[in-house]
Amino acid sequence: MRRRIGRAGGVRAAWCAVGRAARCAGWLGPAAAVMAAFPGAASAQVPPRLAATPEPEAGMVAVALRIAGGSADDDAAQSGRTQLAALAALAALQPALDSLGARAHAECGRTATGFTLLAPPGTWEAAARRFTAAIFAAAPDSGDMARARRQLEASTELENGNPTWQVRLVTRQALYGVDDPWTRPRCGVPETIGQVPDTAIVSRARAAFRPDRAVAAVNGPIDVQQAERIFDEWFGPTPLPVAARPLSPDSSVRVAERNTVTAWLGLAFPVRGDVDPEALRMVAFLLDDATRPGPDRPGLLGASVEIERHQGHAVVFVYLITEPDAAQVWSKRVAELVHRYAASPLPDAGFRARLRRFRGIRLRQLATPDARARRNAEALFSGLPLTHAARAIDALTPAAVQHAAAALGPPARGVVGPARVVNAFPG
Amino acid sequence: MPGIPAALVAGLAALVAAAEPAGRPFGPLTRIDTQGGPTVWVRHGAALPLVAIRLSLPVQDGPVPGATRVLVELGREAMGDGAAVFGGRASAERVPGFAVFSVVGPARSFDAMVALLRRAVGEPSFDADALARARAAAQRAVASMLERPETRTRALLRQRMFGDSAGIEPGIPAVDSLTPDRLRQVWSAQFQPSRMRAIVVGDLPAPVIRAAFSHWPHRSVPQTAGPPVGAGPRPHPQVMFPWAGVAYRVPASAAAAVAAELVRLRAERSGLHDGAAELWWQAGEAALVVLGSTRGDTVRADSAAAGTPRLRADLETFVADALAAATPGAVDAAARAVRVDLLLAARSPAGAAEVIGRFMDASGGGAGAGELFAALEQVRADDVRALLRAATRQHPAFVEVAP
């Protein structure tokens, strides 16, 4: 199992050549992997970079990669460059994946880019080797980049500019600052996607999609050692570099006037300190449950709750669509809900009923091997403990959920709507 | 029908004897015989304590058009928000030839899940409000199917090929004449537990499953001939451009599934709007179906007649093109694509239950998705070419929905 440094792959050799010879010499190989049962199994000196989970009953193998680098690293004039690089890398890979019966896709991110591979058990190892090589040693040609450009333009044209998109933008601007790179659209904007030169796409792929900036998770009918062998080729013994960003929430408000008949609100709650990730998800579930439109919630037309996780911090976003006159009320009500969940634990009976519902929803969200692999990759990337989802949920207590709610800081707010709505929210 | 690949949408292939072990998500299946309940097939194994159940029963409207659709809607009403209590999801569908009720949720809520299904297929209460909602939902479903050219084309083709009205004939059901008494008779005759099949995907002990599915009550109601149910209105389709479909009779086989995939590739790359090819499999018979519409200057706005023959010719050409393209390499690739589509569709417990159940329904319970999955690996280019060649010599069924 242990590999000598001389046998390492090209990119790993390059990684060793940049002043890390001592670490390479002490190549830990599989020590950086953590295995299936993972009750905190990472006994190695470095945080794990690979989570390999055998699931013999699964029909497909899922490989999830999460790599530091996303839209926040792109210049405003080249918005979408990272995602173009990701899509171009996969476009180059497509013929090989087709021959192996595998599928891959990329997921935009502001600070990290996600890749997922799904492959049949019989070909997954070969597919994963191609997949990692195509990403970590990306060499897309002009045809690949043209396909990537068409694909990204088509998807971003649909979403950019509509109120859903705009309320997310202003809410992020309220949280991070108007010109902060973290406010840039995750997948870029159509206006710049066509302008990014091919050379910039290739250079971005090489600069961003490096194995030393990546973590991986594999779920499916696999042998852990198979997974280790693949990622030994790429992952070194060093921990993932952490680009934690301090957040200093100031409850700011950002508004954008728009001639809509409804009001669009966003509340961004920064999460302070270490919080059990499933407890935080249950807080999000409680908020979602409490903001579902219904006859007993007048003025509320729609809502969604999202958790965005980065290295070092997370943010809970609550987005609401309301009637204009109800915007202020619902904005306050959501903040009060968080305050209430943080003030005291839920009564036991109510907690058990809600936990039962949350558990079912969460298990359904994780019903596929790709969803479970992405969950594990996110945990590795964010420095969270690797846990078995069902056991982690079963371990939740009213106190843990209260603790998670108490970790939510004062919200930054974004508002999109007609003048009478936005004027009611002093900026 | 979420989660099932297009080429397999209506079920697939007749299954060659299975010489290989079944594909992992599709088997092995364990049959559990219940007492006074549905036949249950279980696929054990789950990465999480999650269970999916798909319960189906064959239905036909016969002399009471719209009745089974209303009964399915009443089943949905009976389930209500019951699945939300345990964070699950429940659904009820009237698909060609079958009523299908599904529920997915945590394994520890298994009994509650089965109780929901039992309510869904049990004798309806015919509460006035629920009945009114169910009738309206059934009318909406049929109206929607008839108004949209694509679904109308499909429904008419299915009727031509299988004689199955899927509850759309003679038009929107005249549901006011579907009285509780008549609906109860249809329910009594068709919603018998012994006619039902349940697929369970998840890790549960056999005694627990057997107990949950045993002793389902059923009441026999005397069948009396009532006055004929009148034909409801038949809406005009909202068509801007002509739609057409052709259907060929083909043997139900893995080779037919691969042939459909080859034709689908031709249709998709043709530039035809919404071009598609599918293998429909129902009651042991199969049809290779090619559909599509055309737009813009290929058709005169004032006359579909100019465009439809050309559209028909295009659709038929895809089959001939697929025959020309059916090299061993292309056939291998198409077979692989079908296998991967099956694996992708079945990678969650709910997806696996749906694929397994649908194949069992289509084959009458004898053949399984696992056998098709294995047979796909044995498909030879000669078999596919022979099938396509025979199709090109047919005079296919043709349906058009023109402006």
Side-chain angles (χ1 to χ4, degrees), chain A residues 36 53-62 95 97-103 105 116 118-124 127 219-222 282 285 288-289 292 294 352-373 375-376 388-394, chain B residues 3 22-28 43-52 81 83-90 103-109 112-113 201-203 265 329 332-353 355-356 369-370 373 376-377:
Chain A
T53 310
E55 295 176 345
E57 59 290 317
M60 297 211 84
V61 177
L97 290 188
D98 283 346
S99 71
L100 295 167
R103 309 276 165 85
H105 78 267
T116 307
L118 274 164
T123 61
W124 88 267
N219 287 56
I222 56 156
M282 182 150 176
F285 160 77
D288 187 58
D289 205 36
R292 191 161 301 139
R352 278 203 306 272
R354 290 173 180 189
L355 179 63
R356 187 182 184 202
R357 292 174 53 204
F358 168 66
R359 185 177 186 274
I361 292 168
R362 190 76 183 117
L363 292 182
R364 285 195 292 114
Q365 287 172 346
L366 297 171
T368 59
D370 34 320
R372 295 187 291 275
R375 174 182 184 269
N376 287 350
H388 185 280
R391 287 198 281 273
I393 296 165
D394 289 342
Chain B
R24 207 183 305 253
F26 315 113
R43 199 220 73 189
H44 289 284
L48 290 176
L50 197 64
V51 172
D81 291 336
V85 173
F86 49 83
R89 184 170 50 82
V103 59
V104 57
R108 63 175 62 157
S109 298
M113 294 163 65
V201 174
D203 274 329
L265 289 172
D332 283 351
R336 194 166 48 239
V338 175
R339 283 166 61 95
V340 171
D341 282 348
L342 279 170
L343 287 174
L344 286 170
R347 70 190 198 279
S348 68
V355 173
I356 294 167
F373 190 77
L376 281 164
E377 216 162 52

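Note on naming: letters A, B, ... go to the chains in the order of the sequence lines (proteins, then strands), and numbering restarts at 1 for each one.
- With a 4.5 Å cut-off on non-hydrogen atoms, A/Arg362 does not touch chain B at all.
- If you measure heavy-atom distances from A/Leu118 to chain B, the contacts under 4.5 Å come from the side chain alone.
- In terms of the ring pair (Phe, Tyr, Trp, His ring centres under 6.0 Å) criterion, B/Phe86 has no residue partners (sequence neighbours excluded).
- Remark: side-chain polar atoms of B/Arg336 are paired, donor with acceptor, to backbone N or O of A/Ser99 under 3.5 angstrom.
- At a 4.5 Å heavy-atom cutoff, the contact between A/Asp394 and chain B is made by side-chain atoms alone.
- Contact annotation for A/Pro221: only side-chain heavy atoms (C-beta onward) come within less than 4.5 Å of a heavy atom of chain B.
- For A/Arg372, the side chain to side chain donor-acceptor pair (under 3.5 Å) partners two or more places apart in sequence, or in a different chain, are A/Glu55.
- Side-chain atoms of A/Arg364 never come within 3.5 Å of backbone atoms of B/Leu50 as a donor-acceptor pair (strictly under, hydrogens ignored).
- When heavy atoms are compared at a cutoff of 4.5 Å, B/Arg347 approaches chain A by way of both its backbone and its side chain.
- When all heavy atoms are compared, the tightest approach of A/Pro120 to B/Leu343 is CB-CD1, 3.9 Å.
- Residue contact with chain A, scored on non-hydrogen atoms closer than 4.5 Å, involves the backbone and the side chain of B/Ala47 alike.
- For A/Asp370, the part lying near chain B is the side chain, with the backbone staying farther off; criterion is any non-hydrogen pair under 4.5 Å.
- Heavy-atom distances place no part of A/Leu355 under 4.5 Å from chain B, backbone and side chain included.
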